[in-house]
Amino acid sequence: MSKSTHYVVWVGRVPGVYSSWAETELQTKGFSGAKFKGFPSLAAAELAFAGDLGVSIAGKPHIMPVGAGKAASHAGGRPVAPYLSVDAAYSSKTNLVEWRGVLVTHNGQKEVFRSSPYVGGSANVGEYLAIVDGIKWLCEHMGDASLPIYSDSFNAQTWVARKAHNSNVPACDAIRGMLDEANAFLQAGGYDKVKRRIPLRDWVTKLWGEIPADFGRK
């Protein structure tokens with residue numbers, strides 16, 4: 001797991017999320033039965049404190065499979081939080097593409113990453129890069145938590161499965177470089193190592209409406 005930057009105190013003098021070990025120690029040192037744990041980011045700590053990651057109060061991570069103890073989605077409804085949704089927007093008028101990730105928890109939705117607008121490419125290219133960026137973001141910020149990624153792009157999901165994009169659409173140097181990096185990441189096994197705890201799932205727009213990461217520009 002990455003180095004801890006924030007700490008959760010479940011049982012201590014004042015339970016909560018703390019941004020330093022010194023603060024955490026003040027709440028736990030000498031406190032009988034203190035329960036606490038470090039996390040690699042504020043987002044991971046806040047989710048753990050809220051109980052969204054299934055972290056036990058024994059202070060050890062309990063990786064809860066998505067859907068464990070409750071249905072993965074309500075009957076006929078949207079998937080149940082927590083999960084990361086990704087999406088891209090492309091304009092044929094401006095020839096610009098961008099993408100982002102929105103983390104959905106029981107407490108609401110939060111944009112956790114967003115690209116700059118780039119010239120060229122396509123919606124599928126943006127979706128592909130969004131998925132890869134989502135995988136990397138979860139690995140960097142959520143430690144060893146189990147969260148799925150939802151995408152509404154069948155093509156992008158297929159490219160991830162094949163570990164290479166299949167686009168010949170003209171794009172700027174930056175986009176081409178990021179596509180090469182995404183291919184290299186997947187082909188080196190970057191996703192294979194975490195696929196079991198970060199499954200890629202299809203967002204069914206016809207049943208659930210627009211994906212949370214949608215840009216709302218349709």
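Computed from a prediction, not measured in an experiment: that's the story for all the values here. We're numbering straight along the sequence, starting at 1.
- The heavy-atom pair separating Ala88 from Gly126 by the smallest distance is CB-C, 3.4 Å.
- To the nearest 0.5 Å, atoms OH (Tyr18) and OG1 (Thr28) are separated by 9.5 Å.
- Summarising the geometry of Gln109 relative to Pro212, their closest heavy-atom pair is OE1-CB, 3.8 Å, with the distance given to 0.1 Å.
- Checked against ring-ring contact (aromatic ring centres under 6.0 Å, His included), Tyr83 has the following partners two or more places apart in sequence or in another chain: Tyr150.
- Asp87 CG to Asp152 CG: the interatomic distance, rounded to the nearest 0.5 Å, is 4.5 Å.
- Annotation: ring-ring contact (aromatic ring centres under 6.0 Å, His included) contacts of Tyr90 (sequence neighbours excluded): none.
- Listed by chain and number, the hydrophobic cluster partners of Leu96 are Val119, where partners are ILVMFWY side chains within reach of under 4.5 Å, directly or through others.
- Atom OG of Ser167 sits about 7.0 Å away from atom CG of Leu179, to the nearest 0.5 Å.
- Rounded to the nearest 0.5 Å, atoms CD (Glu140) and OG (Ser41) are 8.5 Å apart.
- The side chain to side chain donor-acceptor pair (under 3.5 Å) search around Ser151 returns none, not counting sequence neighbours.
- In this structure, CG in Asn166 is found 8.5 Å from CG in Asn155, a value given to the nearest 0.5 Å.
- Aromatic pair Tyr7/Trp21: ring centres closer than 6.0 Å.
- Taking CD1 of Ile131 as the start and CD1 of Ile149 as the end, the distance is 7.5 Å to the nearest 0.5 Å.
- Under a hydrophobic-cluster definition in which Ile, Leu, Val, Met, Phe, Trp and Tyr are linked whenever side-chain heavy atoms come within less than 4.5 Å, directly or via other members, Leu26 and Phe31 are assigned to different clusters.
- Under a hydrophobic clustering in which Ile, Leu, Val, Met, Phe, Trp and Tyr are joined whenever their side-chain heavy atoms come within less than 4.5 Å, directly or via other members, Val169 and Val125 fall into different clusters.
- Aromatic ring pairs are classed by plane angle as parallel below 30°, tilted from 30° to 60° and perpendicular above 60°; the pair His165 and Trp159 is perpendicular.
- For the pair Leu129/Ile175, a side-chain contact is recorded, criterion being any heavy-atom separation below 4.5 Å from C-beta on.
- In the hydrophobic clustering of ILVMFWY residues, with side-chain heavy atoms under 4.5 Å counting as a link, Met142 and Leu200 come out together.
- Taking the side chain as every heavy atom from C-beta outward, Asp133 and Val86 never approach each other to under 4.5 Å.
- The closest donor-acceptor contact from the side chain of Tyr191 to the backbone of Ile198 lies under 3.5 Å.
- Sorted by first and then second residue, the salt bridge (charged side-chain N to carboxylate O under 4.0 Å, His left out) pairs involving residues 183-192 (not counting sequence neighbours) are Lys163-Asp192, Asp192-Lys195.
- Under the 4.5 Å side-chain criterion, counting only non-hydrogen atoms from C-beta, Val8 is not in contact with Thr24.
- You'll find the side chain of Phe113 reaches within 4.5 Å of the side chain of Leu84, heavy atoms only.
- Evaluation of the salt bridge (charged side-chain N to carboxylate O under 4.0 Å, His left out) test over residues 95-122, restricted to residues two or more places apart or in two chains, returns Glu98-Arg114, Glu98-Arg217, Arg100-Glu111, Glu111-Arg114.
- Every residue two or more places apart in sequence or in another chain that forms a ring-ring contact (aromatic ring centres under 6.0 Å, His included) with Tyr118 is listed here: Trp99.
- No more than 12 heavy atoms of other residues, nucleotides or ligands shown are found within 6.0 angstrom of CZ on Phe154.
- Ser4 places no side-chain N or O within 3.5 Å of a backbone atom of His6 that could act as its donor or acceptor partner.
- Looking only at side-chain heavy atoms (C-beta outward), Asn183 and Tyr128 come within less than 4.5 Å of each other.
- In terms of modelled atom types and a separation under 3.5 Å, the side chain of Arg197 and the main chain of Ala145 share a donor-acceptor contact.
- Screening residues 122-131 for salt bridge (charged side-chain N to carboxylate O under 4.0 Å, His left out) gives no qualifying pairs among residues at least two apart or on separate chains.
- Not a single side chain to side chain donor-acceptor pair (under 3.5 Å) links Thr205 to another residue, sequence neighbours left out.
- With sequence neighbours left out, the side chain to side chain donor-acceptor pair (under 3.5 Å) criterion links Asp173 to Arg176.
- Sorted by first and then second residue, the salt bridge (charged side-chain N to carboxylate O under 4.0 Å, His left out) pairs with a member in residues 5-34 form an empty list; sequence neighbours excluded.
- When side chains are defined from C-beta on, Val112 does not count as touching Val102, because their heavy atoms never get closer than 4.5 Å.
- Residues Val132 and Val194 share a hydrophobic cluster, clusters being chains of Ile/Leu/Val/Met/Phe/Trp/Tyr side chains in contact below 4.5 Å.
- Formation of a donor-acceptor pair under 3.5 Å by the Thr5 side chain with backbone atoms of Pro40 is found in this model.
- Judged as a side chain to side chain donor-acceptor pair (under 3.5 Å), and not counting sequence neighbours, the contacts of Gln157 are Asp202.
- Here the shortest heavy-atom pairing between Ala43 and Trp137 reads CB-CH2, 4.4 Å.
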